[in-house]
Amino acid sequence: MYAQFRPRRLDESTRRRYQQIFLTPSDFIWPIFIVDGQDRKEPIPSMTDVYRWSADRVIPEIETLMARGLTSILIFGVPEHKGLAGAAAPDNLAARAVSVLRKAFPSLEIITDVCLCSYTEDGHCHVGDNDATCQILAEMAVSHARAGASLVAPSDMMDKRVGVIRQALDQHGFQTVPILSYAAKFASSFYGPFREAADCTPQQGDRKQYQMDYHNPAEAMWETDADIAEGAAQIMVKPALTYLDIVAATRNRYPHLPIVAYNVSGEYQMIRTMIDTGQAKPDLCYETLVAIKRAGANRIVSYWTPTALAFLSGTGFSR
Ligand code: PBG
């Protein structure tokens, strides 16, 4: 039947005409580590070209990226001092950053990370008790919504936190602030560089009691079902590259669900190192981003966002 099939794509324009998967600027969500103070832009040793910013200092950077099509950011507050008091106080670090950025960028989609791991002394995402943790997370989410967050993204993996956060948001008049839930978040060693960036390395043990076991793909569907039932509007699969099967399975199960994949710190740094040492061409990052979308993700949280936006706006790979 295929005897006459000659599939060589001999020229670029033919290849372009048959291209199925396209990345666009609005696919990207740029994760930003925010610190207190003014005029701060500090390198993070574990992540090349990724910084901790004070809110004022990141404004010009966001302006530049918006000119290239940036629509969305994800904020991680990295407090100077540990302590739960800072996590959910009405004027917590992330909330103050949201206010500043909301004022500067009325149309920007500002997503906030809702998790305690940068605030707890032991670096865990909980305070011991599951349900007590959910209450603090709910306060944190409400503070972010009040400051002007477009979406809140709980990344802690406590049981029932989506339901508790949803109820708190509704009670405080934030019915229209959706929850982007990290539904399928696996206990992964790919988070190593992030933990240095967000100062949240567990001081003892690991996160395997709450993050998922990567041996169990079916459990990811179960977690996703539960989070949707509790009121999640969008779900996150994390990490992305070694979990493309989970992205695809979630897409098959929920054809219409907004699915976001988190291209995490270790995945970024791994590819980054290959590019920086000349072992791979700079377009290796683009190839992996296409793969994430091909697997079924609508959008991608990625430290490659500035690079990808530069590429998509026609300036080539700047890094
Ligand atoms: C915190 C959190 C982590 C990441 C996002 N939110 C680390 C962790 O769970 O240990 C990882 C992101 C990355 O590696 O880029 N709960």
Side-chain angles (χ1 to χ4, degrees), residues 74-79 81-95 98 111-147 149 151-188 191 195 198-214 216 218-238 262:
L74 170 60
I75 290 183
F76 292 93
V78 187
H81 305 289
K82 299 282 173 196
L84 287 174
D91 64 340
N92 66 73
L93 170 60
V98 170
I111 309 171
T112 58
D113 182 65
V114 175
C115 189
L116 301 182
C117 64
S118 293
Y119 294 88
T120 52
E121 302 284 349
D122 65 4
H124 277 287
C125 305
H126 57 73
V127 296
D129 183 69
N130 185 95
D131 295 12
T133 304
C134 292
Q135 291 305 327
I136 306 174
L137 294 171
E139 285 173 41
M140 202 175 178
V142 168
S143 74
H144 295 174
R146 189 169 284 131
L151 260 88
V152 292
S155 66
D156 54 285
M157 291 296 280
M158 293 303 111
D159 295 339
K160 299 194 182 296
R161 89 280 201 218
V162 173
V164 175
I165 292 172
R166 184 68 270 157
Q167 198 181 5
L169 288 171
D170 292 351
Q171 273 169 1
H172 288 85
F174 300 111
Q175 292 90 341
T176 56
V177 175
I179 297 173
L180 162 57
S181 164
Y182 289 67
K185 177 174 176 180
F186 290 87
S188 169
Y191 306 151
R195 290 179 185 172
D199 191 16
C200 68
T201 306
Q203 297 305 300
Q204 78 282 327
D206 51 39
R207 302 209 204 286
K208 288 183 179 164
Q209 288 179 350
Y210 41 106
Q211 298 181 354
M212 289 179 43
D213 183 342
Y214 52 70
N216 301 343
E219 224 174 280
M221 302 302 109
W222 188 30
E223 289 269 5
T224 302
D225 292 352
D227 283 6
I228 293 171
E230 288 177 33
Q234 311 183 0
I235 70 106
M236 185 98 84
V237 176
K238 177 181 176 189
Y262 199 137

Within the distance-only criterion (no hydrogens, no angle test), does the side chain of Arg161 pair as donor or acceptor with the backbone N or O of Leu137 below 3.5 angstrom?
no
Has the side chain of Ser155 got a donor or acceptor atom that lies under 3.5 Å from a matching backbone atom of Cys115?
no
So for atom CZ, which belongs to Phe174, do other residues, nucleotides or ligands contribute more than 12 heavy atoms lying within a distance under 6.0 Å?
yes
Would you say that Asn92 contacts His144 through its side chain, given a criterion of any heavy-atom pair below 4.5 Å between the two side chains?
yes
Measure up the His124 and Tyr210 rings against each other and bin them: parallel (under 30°), tilted (30 to 60°), perpendicular (over 60°).
perpendicular
All heavy atoms of Thr133 vs all of His126, minimum pair found to be OG1-CB, 3.4 Å
Closest non-hydrogen atom pair, Arg166 against Val177:
NH1-O, 2.8 Å
If only atom types and distance count, is the side chain of Glu230 paired as donor or acceptor with the main-chain N or O of Gly163 below 3.5 Å?
yes
Short question: side chain of Asp227, backbone of Thr224 - any donor-acceptor pair under 3.5 Å?
no
Taking the six-membered ring of Tyr191, is NZ or CZ of Lys238 closer than 6.0 Å to its centre and within 45° of its axis?
yes
Verify, without hydrogens or angle tests, whether Asp129 (side chain) and Ala132 (backbone) share a donor-acceptor contact under 3.5 angstrom.
yes
Should we say atom CD of Gln171 is surrounded by more than 12 heavy atoms from elsewhere, each under 6.0 Å from it?
yes
For atom CD of Gln204, decide whether the heavy atoms of other residues, nucleotides or ligands shown that lie under 6.0 angstrom number more than 12.
yes
Is a donor on one side and an acceptor on the other found under 3.5 Å between the side chain of Asn130 and the backbone of Asp159?
yes
Audit row: Asp199, Lys82, side chain to side chain contact (heavy atoms under 4.5 Å, CB included) steps and yes/no:
CA-CA 10 Å; Asp199 191 16; Lys82 299 282 173 196; 3.6 Å; yes
